[in-house]
Each structure stands twice: as C-alpha cells, then as structure tokens.
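Working notes, beginning with the structure itself.
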Amino acid sequence: MSRSSNRALRATPGHIILILLVFTALFPIVLVLLNSLKDAPEVVRNPLALPESPDWSNFAEAWQYAGYTRGFANSVLLTATTVATVLLTAAPAAYVLAARKIKAAGPVMIYLMVAMTVPIQLFLFPLYAVFARLGLLSNVVAVGVIVAAINMPLAVMLLRTFFLRIPSELPEAATMDGANTFQVLRHVLVPAVSPGMITVGIIVGLNAWNEYLISVTFLQREESYTATLGFLSLTGTFAVDQGVLMAGAAILILPIVFLFLAAQRKFVDGLVSGSVKG
Amino acid sequence: MTVLNSVQPDADTATVKDARRGRGHGVHYLLLAPAILLSMAIVLVPGVFTLVTSFTDWNGVAADPEFVGVENYAAILADPIFRTAVGNNIIWTLLFLTIPVVLGLGVALLLLRRPRTRGLYQVIFLLPYVMAAVTNAMVWLNMIYSPISGVIGFLNKQGWDIDSPISSLDGAIYAVAAVDIWHYWGFLLVVYLAALRQTPVEQIEAAQLEGANSWQVFRYVYLPNIRPTMQLMFVMIMIFSFLTFDYIFLMTQGGPANSTEMLSTFAYSLAFATFQFGKAAAVGIVMGVFGLVASVIYTRMSRRGMDV
C-alpha cells in the first residue's frame, strides 16, 4: 500500500467525526433558514423540506411584531453603553494593575477575580429594588451600565496582559521627555493597546448583544425591549406560526454571523487570549 | 472567559521604573477608581444587601422588613426543590466537565493535523457559540423538540414513537444540556487548540525521533504543556455550571414539575414569581459561597502564572 493512501485511510475516522460535527453545528441554523420561508402549515407538515414557494412576508411580519426597528436601536444603545463603560473604566485600571505602581494592586486583582465569578443572583435582587425605587427600570442606558459592571473584571484582566506586552522603553522615553502620567497614557499607551481594546470591545459587545438575564429582569416596558426581548415576545404571539418565529430568529442570527465571519480572527483572539497561557 | 497569562516579571518591574517614584500614586488610585466604583455600586454593595436581606422576610417592596434570623436558610434547606436544584447543578457540572471537554480536546487534536482546513472548522464550530442563548433555545425548542412543528413531531408523523425529551421529568435536564453543550463546546475546542499549538515543536520532534507513537506524544508532550489551560477550564466550567441560568430558564423555566430547577432559577422564581426576596437572597448567598470556594481555587491557580 502506498504511503499516501495509507495516510488517507488513517485520516478517515477523524474526517467522519468532523463532518458529523459540522452537520450538528449547522443543522439548527439551516432549519431556521429553511422554515423562515414557509407558512405555518408547511412547517408543521415537514420542517426538513425545502420551502415550496419562498414566502418572504414572514420577515416583514416578524420585523413588525417583534418591534425590531426599536429593538435593534435599543440593542445598539445597550451594547454601545456597555462597551464604552467597560473600556473607559477597564483600560486605566488595567494600566495601573500592569504597572503595579501601587501596593493595592494585588488585593484589587483578587477582588476582580472574585467579582468575575460571583453569581448574578448574589446582587440582582437588591439592585432590582434600588433601580425600581430610582425609576431606572426599563432604562436601556442604566441596564447597559449593569451589564458593563458584570463584564468589566474580565476586560481588566485581558487588557492588563496587553499593557504588559508594551516594551517598557516606550513610556519611559515619554516620561523622560517630560510627559505626565495622563499624557503617557493618552499618547503612548492607548495607541499601543488599541488592538487589545478592539478585541476586548468585540468580546464584551457580543456578551452585551446576546445578554438575557439582566435585560429580561430590568427592561419591562415594551419601548425598552432589545431585539432579543422583541424576539421573545414573538414566541408568545406566534406560538403557532413557526415560519414567522424562524424569520424573527434569522433576523437576529444573520447580523451576528456576518460580523463574526468578518472579524473571526479578533473573536478567536479575544476568546483565547484570556484562557491560554502565553 | 478566564484569565491566565504568563507574566514576565522583568517587563513588569521595568515599566514600574518611574523616575519620580512615590509621587504619582494619587494619579494611579484615580485611574483605578472608575472601575472599582462601578463594581462596588453594582456588585459589592448590593451583594452586601443580599446578605442582610437573607436574614429578613423582605418582599422586595416593603420599607420595614422584619428580621427573621436564619429562618430563610432553614426554610430553603428543608425545601425539596432546593435539594433537587443542588442535585441538578451537580448533574450539570458532571455533564459539562465531560462531554464538551472530550469533544473539544478530541476535535482540537484532529484539527492539529489539519493546518489547511482548521480555520474553517473552527469558524463553523464557533457559530453556535456566538449566537444568542435566546435564539438558540427557541430554535431547538420549536424546530427540534416540539412535538408539533419540530423534528421530533415530524418523526412521530413518520411512525417513530419518540417522546419529546424536553417534556419528560427524567429527560428534560439532558435535553436542555444538549442545547447548551451544542452552543458551548466550540469555545473549548478553540481554547484547547490554541494551547496545543503552543507546544514547542522541538519537544514534539524529539519525542518522534525517539520513536514515540501518537498516543505517547499526546500523553508525554502535549498533555503536560496544556495542563494549566485544562485545569483552568476545569475550574471555570465548575463555576459556571453552578451559575447556569439562561438555557434552563428559556427552555423549561425549571419545569416540568421543578425537575430541571437549578439554584439560579430557584432563586429567581422565589424573588420574581412569589416575591420572597428574603429566601431568594438566601439562595443567592448559598450560590455565592459555592462560587467563592471555586474562586479561591481559581485565584490560587491563576496566581501561579500571574504573580498577583
């Protein structure tokens, strides 16, 4: 047996496993796309069949009943609030913790690591009561700040490693030239870590965009619904029309998928940078 | 989701070398303040209030909750739902410590030998991970598990007599776990693959020169190299298995008949369905203690590589 065919033979079981897993990963997504173009009876008849005649009206109907115009605006507002708050608070903290100029750095890091892993239920109930008292329920920006506080510790830890990679000559040279700490941060360090800021922004942005627990608890009036909550409201109204429901799902899934494909390297970097030594 | 990064102490101290050491400290505390204040306002202070609330009969609204001592803790410990929840959290932890870990590591090893196609595979396997829990849960519920519109319903119509696992008392937790694992395992794959790829090539070549087979290369070269990542993922999976909420709450809300209740959904329902904030707070504190124990392990492990 030739060497190459031997290798092909050995690779086959692995290949079959990979193909099966690709099928498993994509199957539910394919179901969404197929059924988003069918009317209700057609879905019930056979969810696996191709649409007989593509019915694009499901998308218009889903868009309208899920309130996606407002929903996407709210999702953008929530995500922007979260990402901006996280980066503005985490970046300076990460710098200080990377430079370790103060004694409190160690305890602060330990605090952040604990904060990263506490259950949301540990602080949710009093927070809810306070927000209700202050009239901040259904306030998208306020909810964005909560989501930011939850994501901030991870962002600090990730950004800290980006600050550590900056060669120390850079800030030193600027200091020699008479720049103060803020100037060094603004003109030397921030540009140097901006790739890290983008990575962290993507990861935190994805978390905020997909967020469920905090949104569903705090955003109660329909005007404040994010796209995900709007989609969930479809499941009440269109429990029987799966076609519309799947069109609603497709509208939510497609932008994320395209963004992910466009920025996959950054996504993967962000996911990995926190978890792998080195 | 986790943090463990090697730190070069020399780079650390070099950055520190500030000609005006001792003078800029105020500025540094100022730079730290926004992050600390944010976390204190949203997490720490309400967390302390939760602890206080857990000793009262607060309903979430009343201005004068009564102090009831450890009554809430006694009540939840005696509640069979609490025991079900702890049991389910343990089942969940065991499922997640095995299935996605084996899948992720196994596929990472397969992709290690496929340098040309692995990028494509990684992207495909990560797709479910980047999609929202809300859509994932609803798609599986309606298109796969539903006895009317789902694949299960379709199979029933073809004469296959399969019950939908999501509505069975014994099967529901596995039906939900399947969806969460489908969503999650790609993340572990990417992490493990990145860790495997950092194994020094010389070590692998040396082992192969000495006649090691692929299992021996994995066992004696790759495994020791990825051990820190494996351990860290182990702890993170444990922590997040005890906090799991989204998929359960979206797909079963703890039902049928509390058979999929987790500590997180139990606490949530106590607070927002029956307005027993005191009891909900007690469950939250119990979860916090579990989390803290895991956190301490986690911090200790990280510190080895992170010189806090």
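Throughout, protein chains are lettered first and strands after them, A, B, ... in sequence-line order, and every chain is numbered starting at 1. What you see is a predicted model; the values in this text were computed from it and never measured.
- Between B/Ser39 and A/Met152, the shortest heavy-atom distance links the atoms CB-CE, 3.7 Å.
- In this structure, no portion of B/Leu141 lies under 4.5 Å from any heavy atom of chain A.
- Taking the six-membered ring where the residue is Trp, A/Tyr212 and B/Phe249 present tilted rings, their angle falling between 30° and 60°.
- Of the listed residues (A/Tyr128, A/Phe27, A/Phe125), the one with the most heavy-atom contacts under 4.5 Å to chain B is A/Phe125.
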Please lay out, stage by stage, how B/Tyr29 and A/Val96 fare under the test side chain to side chain contact (heavy atoms under 4.5 Å, CB included). CA-CA 8 Å; B/Tyr29 281 104; A/Val96 175; over 6 Å; no

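- When all heavy atoms of B/Phe240 and A/Met116 are compared, the closest pair comes out as CZ-O, 4.5 Å.
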If you apply the rule side chain to side chain contact (heavy atoms under 4.5 Å, CB included), what do you find for B/Met131 with A/Ile29, and how did you get there? CA-CA 10 Å; B/Met131 284 158 42; A/Ile29 304 171; 3.8 Å; yes

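- Between chain B and the residues A/Leu18, A/Ile17, A/Leu252, the most heavy-atom pairs under 4.5 angstrom are made by A/Leu18.
- Expressed to the nearest 0.5 Å, how far CG of A/Asn46 lies from CD of B/Gln158 amounts to 7.0 Å.
- Between the side chain of B/Lys157 and the backbone N or O of A/Val44 there is at least one donor-acceptor pair closer than 3.5 Å.
- If you tally non-hydrogen atom pairs under 4.5 Å between each of B/Val134, B/Ile226, B/Leu111 and chain A, the highest count goes to B/Val134.
- Both the backbone and the side chain of B/Ile124 come within contact range of chain A, with heavy atoms under 4.5 Å apart.
- Contact record, B/Pro46 with A/Pro126: O-CG, 3.4 Å, taken as the closest heavy-atom pair.
- Across all non-hydrogen atoms, the minimal contact from B/Met40 to A/Tyr111 is N-OH, 4.1 Å.
- Here the CG-CD1 distance, from A/Leu124 to B/Ile42, works out to 11.5 Å after rounding to the nearest 0.5 Å.
- Of the atoms belonging to B/Phe49, heavy atoms from both backbone and side chain fall under 4.5 Å from chain A.
- Here the closest non-hydrogen pair linking B/Gly150 and A/Pro47 is O-CG, 3.7 Å.
- Taken to the nearest 0.5 Å, the CG atom of B/Leu103 stands 6.0 Å off from the CG atom of A/Leu21.
- Within the model, atoms CD of A/Gln121 and CZ of B/Phe245 stand 6.0 Å from one another, a figure rounded to the nearest 0.5 Å.
- Between chain B and the residues A/Leu259, A/Ile102, A/Val108, the most heavy-atom pairs under 4.5 angstrom are made by A/Ile102.
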Please walk me through it: do A/Phe123 and B/Leu44 pass side chain to side chain contact (heavy atoms under 4.5 Å, CB included)? CA-CA 8 Å; A/Phe123 54 86; B/Leu44 186 62; over 6 Å; no

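- For the set B/Ala132, B/Ser146, B/Pro128, B/Ala281, the count of heavy-atom pairs under 4.5 angstrom toward chain A peaks at B/Ala132.
- The minimum heavy-atom distance between B/Gly284 and A/Pro119, with the atom names listed, is O-CG, 4.3 Å.
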Working for side chain to side chain contact (heavy atoms under 4.5 Å, CB included), residues B/Leu126 and A/Phe267: CA-CA 10 Å; B/Leu126 267 183; A/Phe267 266 96; 5.6 Å; no

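- Interface remark: of the candidates B/Leu193, B/Val52, B/Thr53, B/Ile144, B/Ile144 forms the most heavy-atom pairs closer than 4.5 Å to chain A.
- Interface check for chain B: of the options A/Leu31, A/Val118, A/Leu213, the most heavy-atom pairs under 4.5 Å are formed by A/Leu213.
- Distance check, rounded to the nearest 0.5 Å: CE of B/Met143 to CG of A/Leu245 gives 9.0 Å.
- Rounding to the nearest 0.5 Å gives a distance of 5.0 Å between CD1 of B/Ile285 and CG of A/Leu122.
- Note: A/Leu232 leads A/Val43, A/Leu232, A/Ile256, A/Leu88 in heavy-atom pairs under 4.5 Å with chain B.
- Top candidate by heavy-atom pairs under 4.5 Å with chain A, chosen from B/Ser264, B/Ala271, B/Ser54, is B/Ser264.
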